[in-house]
Amino acid sequence: MASTIKTLNLNTDFRRAYKRGKVYTSPALVSYVTKNRAGICRIGITTSKKIGNAVERNRSRRVIRAAYRAVAPYTGGGWDIVFVARSKTKYLKSTQLEPIILKHLEQAGVINR
RNA sequence: UAAGCGGACUGGGCAGCUGCGGCAGCAGGGACUUAUCACCCCUGCGCUGAGGAAAGUCCGGGCUUCACAGAGCAGGAUAACGGCUAACGGCCGCCGAGGGUGACCUUAGGGAAAGUGCAACAGAGAUAUACCGCCUGCCUUUUGGCAGGUAAGGGUGGAAAGGCGAGGUAAGAGCUCACCGGCGUGCAGGAGACUGCACGGCCCUGCAAACCCUAUCCGAAGCAACAUCGAGCGGAGUGGCUUGCUCGGCCCAUACUCCAACGGAUGGCGUGAGCCCUGCGGCAACGCAGAGCCAAGAAAGAUAGUUGCCUUAAACGACAGAACCCGGCUUACAGGUCCGCUUGUGUU
RNA sequence: GCCCUAAUAGCUCAGUCGGUAGAGCACGCGGCUGUUAACCGCGGUGUCACAGGUUCGAGUCCUGUUUGGGGCG
């Protein structure tokens, strides 16, 4: 497995995910999934100002990243995934967020069982 | 023991597993090379990794750049006095004023007798006056009218011309006197603001967080500053800079500005007005001397997840995330600890 | 991160030098009409973003807070 998680940092990657990717929503998280040509999975996390102040936005990012790290070994293929935090995310634990991400990625076909 | 006042501190700790940022060293591997070393990348070990406000960006400074900094005007800031400081609009001490039984708290607190302006409505009158009144004289049968004196009382107002009492008077009035306030002069104390005492003439509205005057200070912009290297060497415009204006000065066409664009890289960037302990000077803010320590430096942006134990009334719980760095101010904040003091009650 | 700027009626905006808050559109009521629109008449539009201070008195002056908008390589 790739121990370090590749991240998206270009605005064009985010815009492509929003425009062409498939959307999966839950009360605590929104996921945009699209294929890429790199052959590995890359993720991006968006925490807008609506979530809260800097501490609450950092908290949301950490929880999403920790939950994805638990799920990452099961992924396969080349995908770009953008997670958007919602206002409930900061109150959750990463163990509570794990099944939500799992469900989204199974629906998208990133994870095959 | 109840209520309260002032100040200081804290903002959980330890361990296991899975993970993250930085650092230099060691070990292993990769890439480059004809080959080795260095540089670069990865892995493991080791060290280290957010705050009292990191916040708001309100002041002050360091640092950097603007021909390296000149003059004048404009503009801005501050405002009792003495000190501390790199500097400040901050802090300490002290004076005045106001509040509280008190501990103590609040205070943008220079000048209104240099000038201009404002004081709506109400009220007779708003910086000078006489509506109702009071008193005297004349006229009138009376109600009352006219002329003069007066500002004690009424009414309006935030404010009505020193306050209050006594004398005085036709009625009154600092007209006179005592006390108090204010002004001026002198003496004493103090580093000074100022305080105390004596005398004098008889007193002057408020607003300068209205313009203004006086004193002191300020060149501007900000690490997205700026420097170096690389890529590019394209298009358009114009003399430009001195970041409000004028003078003066400087640089020149390889100059300056804008657009497109590499969504370039590295430095700036962590030893600093640093933290901490002791001693000395000072009422204090603070200063001096000596010993010890090195404690984040990212660039989509690092502290998360989970389990157990301990302290505890409770710790899952407050406010909250460094972004060049310091000194302050302001604002937000669950709970807890300590010290000094005041008033009341009870006991001895 | 840094630097500017604004907040007034439901909406778009005025409000000078402090003295009880204005315009247009929209809205409500009445009239006209068989009914509606248009038209005519009347009317309230409001904690001047919030909290302190100066002042006799603040939309306005001063300080702090909140929210929105813009710019800087």
Side-chain angles (χ1 to χ4, degrees):
Chain A
M1 85 179 206
S3 57
T4 56
I5 298 167
K6 297 287 179 186
T7 57
L8 299 171
N9 56 3
L10 297 181
N11 193 23
T12 52
D13 291 339
F14 278 84
R15 271 188 287 177
R16 196 187 58 194
Y18 294 144
K19 211 171 183 179
R20 299 186 182 170
K22 295 183 176 178
V23 191
Y24 306 94
T25 56
S26 335
L29 187 74
V30 180
S31 307
Y32 294 84
V33 180
T34 183
K35 278 191 178 176
N36 67 2
R37 296 179 184 175
I40 51 170
C41 283
R42 299 184 295 177
I43 67 160
I45 302 171
T46 298
T47 52
S48 72
K49 259 188 176 175
K50 291 177 190 170
I51 301 297
N53 56 26
V55 173
E56 290 167 337
R57 278 178 277 151
N58 282 344
R59 162 84 188 169
S60 302
R61 274 204 297 273
R62 284 168 190 154
V63 168
I64 291 171
R65 202 176 301 141
Y68 176 76
R69 191 175 295 121
V71 174
Y74 306 111
T75 60
W79 301 89
D80 283 348
I81 310 162
V82 173
F83 297 112
V84 178
R86 308 187 90 172
S87 51
K88 280 186 178 176
T89 312
K90 59 191 176 190
Y91 301 115
L92 295 181
K93 293 198 164 193
S94 71
T95 47
Q96 294 174 292
L97 202 62
E98 261 182 58
I100 298 172
I101 290 184
L102 213 67
K103 186 182 162 195
H104 285 187
L105 297 186
E106 275 179 7
Q107 285 176 348
V110 178
I111 295 172
N112 294 314
R113 288 210 171 168

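- Listed by first and then second residue, the salt bridge (charged side-chain N to carboxylate O under 4.0 Å, His left out) pairs that reach into residues 71-84 of chain A are A:R16-A:D80, A:R42-A:D80, sequence neighbours excluded.
- B:G264 adopts an anti glycosidic conformation, its chi angle falling more than 90° from 0.
- Rounded to a whole Å, the CD1 atom of A:I101 is 13 Å from the C1' atom of B:G305.
- Straight-line distance between the P atoms of B:C139 and B:G163: roughly 40 Å, to the nearest whole Å.
- With both pairing distances under 3.5 Å, B:G335 is matched to B:U10 as a Watson-Crick or G-U wobble pair.
- Both distances falling under 3.5 Å, in either a Watson-Crick or a G-U wobble arrangement, place B:A3 opposite B:U342.
- Taking the syn range as angles within 90° of 0, the glycosidic angle of B:A209 is outside it, so the base is anti.
- Atom name C1', nucleotides B:A215 and B:G186: the rounded distance is 29 Å, in whole Å.
- Remark: A:T34 pairs with no residue by the side-chain hydrogen bond (donor to acceptor under 3.5 Å, both in side chains) rule, at least two apart or across chains.
- Rounded to whole Å, atom C1' of B:U303 lies 17 Å from atom CD1 of A:I64.
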Applying side-chain contact (heavy atoms from CB on, under 4.5 Å) to A:I45 and A:R65, what does each step give before you reach the verdict? CA-CA 8 Å; A:I45 302 171; A:R65 202 176 301 141; 4.3 Å; yes

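- By the side-chain hydrogen bond (donor to acceptor under 3.5 Å, both in side chains) test, A:T89 is found to be paired with no residue, residues two or more places apart in sequence or in another chain being considered.
- B:G287 and B:C84 have their C1' atoms separated by 9 Å, with the value rounded to a whole Å.
- With sequence neighbours excluded, no residue forms a side-chain hydrogen bond (donor to acceptor under 3.5 Å, both in side chains) with A:T25.
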Using Watson-Crick or G-U wobble pairs with both distances under 3.5 Å, give me RNA chain C in dot-bracket, 5' to 3', with [ ] for crossers and | for pairs to another strand. (((((((..((((.....[..))))((((((.......))))).)...(((((..]....)))))))))))).

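- Taking atom C1' in both B:U64 and B:C324, one finds a spacing of 10 Å when rounded to whole Å.
- Shown here, B:A87 forms no base pair; nothing in the strands shown gives a Watson-Crick or G-U wobble contact with both key distances under 3.5 Å.
- In this entry B:U311 has no Watson-Crick or G-U wobble partner, no candidate having both defining distances under 3.5 Å.
- Across all strands shown, B:C283 has no partner, as no Watson-Crick or G-U wobble contact with both distances under 3.5 Å is found.
- Distance noted for atom P between B:G89 and B:C245: 29 Å (whole Å).
- When each of A:I45 and A:V63 is assigned the nucleotide of RNA chain B bearing its nearest heavy atom, the one mapping closer to the 5' terminus is A:I45.
- Per the geometry, CD1 belonging to A:I81 stands 17 Å off C1' belonging to B:A300, to the nearest Å.
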May I have the step-by-step check of side-chain contact (heavy atoms from CB on, under 4.5 Å) for A:I101 and A:F83, ending in yes or no? CA-CA 9 Å; A:I101 290 184; A:F83 297 112; 4.2 Å; yes

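- To the nearest whole angstrom, the two P atoms, one in B:U246 and one in B:C213, are 24 Å apart.
- Applying the Watson-Crick and G-U wobble criteria (two distances, each under 3.5 Å), B:G44 pairs with B:C26.
- Atom P of B:G99 sits at a distance of 26 Å from the matching atom of B:A113, rounded to the whole Å.
- In terms of the salt bridge (Lys or Arg N to Asp or Glu O under 4.0 Å) criterion, A:E98 has no residue partners (sequence neighbours excluded).
- Residues passing the side-chain contact (heavy atoms from CB on, under 4.5 Å) test with A:V82 are A:L8, A:F14, A:A17, A:Y18, A:Y32, A:T46, A:V84, sequence neighbours excluded.
- Heavy atoms only, all atoms of each residue included: A:H104 and A:S31 are closest at ND1-OG, 2.8 Å.
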All N/O pairs under 3.5 Å across the protein-nucleotides 306-308 of chain B interface:
{"from": "B:U306", "atom 1": "OP1", "to": "A:T95", "atom 2": "OG1", "distance (Å)": "3.2"}
{"from": "B:U306", "atom 1": "OP2", "to": "A:K93", "atom 2": "NZ", "distance (Å)": "3.4"}

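- Residues that satisfy the side-chain hydrogen bond (donor to acceptor under 3.5 Å, both in side chains) test with A:R61, not counting sequence neighbours, are A:T47, A:N58.
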Distances for protein N or O near nucleotides 318-321 of chain B N or O, under 3.5 Å:
{"from": "B:G321", "atom 1": "OP2", "to": "A:A54", "atom 2": "N", "distance (Å)": "3.4"}
{"from": "B:G321", "atom 1": "N7", "to": "A:N58", "atom 2": "ND2", "distance (Å)": "3.0"}
{"from": "B:G321", "atom 1": "O6", "to": "A:R62", "atom 2": "NH1", "distance (Å)": "2.7"}
{"from": "B:G321", "atom 1": "O6", "to": "A:R62", "atom 2": "NH2", "distance (Å)": "3.4"}

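- Here B:G219 sits opposite B:C66 as a Watson-Crick or G-U wobble pair (both hydrogen-bonding atom distances under 3.5 Å).
- Glycosidic conformation, B:G186: anti, with the torsion outside 90° of 0.
- B:U246 is paired with B:A71 under the criterion used here, namely a Watson-Crick or G-U wobble arrangement in which both key atom distances are under 3.5 Å.
- With both ends at atom C1', the span from B:A53 to B:C73 equals 44 Å, rounded to whole Å.
- The interatomic distance linking A:E98 (CD) with B:A304 (C1') rounds to 13 Å, in whole Å.
- Applying the 90° cutoff around 0 to the glycosidic angle, B:A295 is assigned syn.
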